[in-house]
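Comments concern the structure below.
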2 protein chains.
Amino acid sequence: MGKQRIYTISELASEFGITPRTIRYYEEVGLLASTRESQNHQRLYDARSRARLKLILRGRRFGFSLGEIKEMIELYDVDPTQKEQLRRTIEYGDRKIAEVEEMIADLIQIKEEMLEFRERFTGLLTDLEQKEERGKAGV
Amino acid sequence: MGKQRIYTISELASEFGITPRTIRYYEEVGLLASTRESQNHQRLYDARSRARLKLILRGRRFGFSLGEIKEMIELYDVDPTQKEQLRRTIEYGDRKIAEVEEMIADLIQIKEEMLEFRERFTGLLTDLEQKEERGKAGV
DNA sequence: GCATGTGCTTACGTTTACGTCAACGTTATA
DNA sequence: TATAACGTTGACGTAAACGTAAGCACATGC
């Protein structure tokens, strides 16, 4: 088995650069469950929860809303014996894959444009520097 | 010269699938200027404004805040005769290019994972279907 | 044994990015 | 000429995603 490290809420928070409040909020909206230490009522997280949090933050990074993220993550919880559920999940996944492909294509185009832009600017800069050199030489 | 089509606010809005209010809001926060038909006070947009709006929406699509988008777009307005300004812009641009590259890499990884996931599910599905077939044959 | 740190719940506050509505002006059309 | 249709400027409303603060419980080091 994998090592079963468990994490407190502030451990996870500082690891991912977020606040405990954020994690509690994700629980509040049903995105991330936690087990509780009996007696203490303290939230505890295992490797699985940690992975799930990572997924959430990854989605957030690309501008998905928590609602969309929830929809996507819940695919991991599909019942693998229900044909109709499997089919719907695959279909939904195909749409999401297409979306991601589109995003990749767009980002590549954006990068190209930024590079062109960068070259224009470095060109302008070296022009200015050469002008300055000639100025100095002229004196 | 390029054809100088001009656009009303609702033309632009419907073209990009947003509302006039959104465009007015972008003006309110200093993201998108408009010329006004004198007398009428009606907002009008040329090709340049339209391109700028496109940039804004592209940034939004990838989860950038309007603040970040503003910072990025303002690079287009740099004074091309100021060396220090040019240098800073290039430096900033390099950071943004690196960010975009990272996003692309991450998205590619996400896509890979989604594809693996998809294969597991199609596998499960064909298993189920085969089981069903054998069941029918048994009768 | 008490202060300090960590966590809990509850609840109200805040920022971003618009939505929505009122009250009004201008232009095309029947 | 009146009535849509489209535009304008306020101004208030709102959903999402947390921030923040109060009041309390529990553990731990000195």
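- For the pair A/Arg24 (side chain) and A/Thr19 (backbone), a donor-acceptor distance under 3.5 Å is absent.
- Side-chain heavy atoms closer than 4.5 Å link hydrophobic residues (I, L, V, M, F, W, Y) into clusters, and following such links, even through other members, never connects A/Ile6 to A/Ile9.
- A salt bridge between A/Glu27 and A/Arg36 is present, with a side-chain N of the basic residue lying under 4.0 Å from a carboxylate O of the acidic one.
- Close to C/dG19, at under 4.0 Å from its OP1 or OP2, lies a side-chain N or O of B/Thr19.
- Taking for each of B/Glu28 and A/Arg21 the nucleotide of DNA chain C with the nearest heavy atom, the 5'-most of the two is the partner of A/Arg21.
- The phosphate of D/dA25 (OP1 or OP2) has no side-chain N or O of A/Arg36 nearer than 4.0 angstrom.
- Spacing between atom CD of A/Glu27 and atom C1' of D/dA17 amounts to 16 Å, rounded to whole angstrom units.
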Between protein and nucleotides 23-28 of chain C, what N or O pairs are separated by less than 3.5 Å?
none

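- Going from atom NZ of A/Lys70 over to atom P of D/dA17 covers 12 Å, rounded to whole Å.
- If you take CD of A/Glu11 and C1' of C/dG5, they are 14 Å apart, rounded to a whole angstrom.
- By the 4.0 Å N-to-carboxylate-O rule, A/Lys54 lies too far from A/Glu15 to be salt-bridged with it.
- For DNA chain C, no neighbouring residue in residues 48-68 of chain A is found when judged by any heavy atom under 4.0 Å.
- Under the 4.5 Å side-chain heavy-atom criterion for ILVMFWY residues, a single connected hydrophobic cluster contains both B/Tyr7 and B/Tyr25.
- For the pair A/Leu44 CG and D/dA27 P, the computed distance is 13 Å after rounding to whole Å.
- Comparing C/dG7, D/dG19, C/dG19 against the side chain of A/Gln42 picks out C/dG7 as the nearest.
- Counting heavy atoms of neighbouring residues, nucleotides and ligands inside a 6.0 Å radius, atom NZ of A/Lys131 does not exceed 12 of them.
- In this structure, A/Arg43 reaches the C/dT9 phosphate: one of its side-chain N or O atoms is under 4.0 Å from OP1 or OP2.
- Residue A/Thr22 has no polar side-chain atom (N or O) positioned under 4.0 Å from OP1 or OP2 of D/dA17.
- Atom-to-atom, OH of B/Tyr26 to P of C/dA17 comes out at 8 Å; the value is rounded to the nearest Å.
- Salt-bridge annotation for B/Glu91 and B/Arg88: absent, with no side-chain N of the basic residue lying under 4.0 Å from a carboxylate O of the acidic one.
- Contact check, B/Ser10 against D/dG7: a side-chain N or O comes under 4.0 Å of OP1 or OP2.
- Separating the NE2 atom of A/His41 from the P atom of D/dC26 is a distance of 10 Å, rounded to the nearest angstrom.
- Between A/Ile9 atom CD1 and D/dA25 atom P the separation is 20 Å, expressed in whole Å.
- Between the P atom of D/dG10 and the OH atom of B/Tyr25 lies a distance of 17 Å, rounded to the nearest Å.
- Closest to the B/Thr8 side chain, of the nucleotides D/dT20, D/dG7, C/dC18, is D/dG7.
- Judged by distance alone, the side chain of B/Thr35 and the main-chain N or O of B/Leu44 form a donor-acceptor pair under 3.5 Å.
- What you find for B/Glu68 and B/Phe64 is that their closest heavy atoms are OE1-CA, 3.5 Å.
- Under 4.0 angstrom from either OP1 or OP2 of D/dT8 there lies at least one side-chain N or O belonging to B/Arg24.
- Side-chain atoms of B/Arg61 do not come within 3.5 Å of backbone N or O of A/Gly63 as any donor-acceptor pair.
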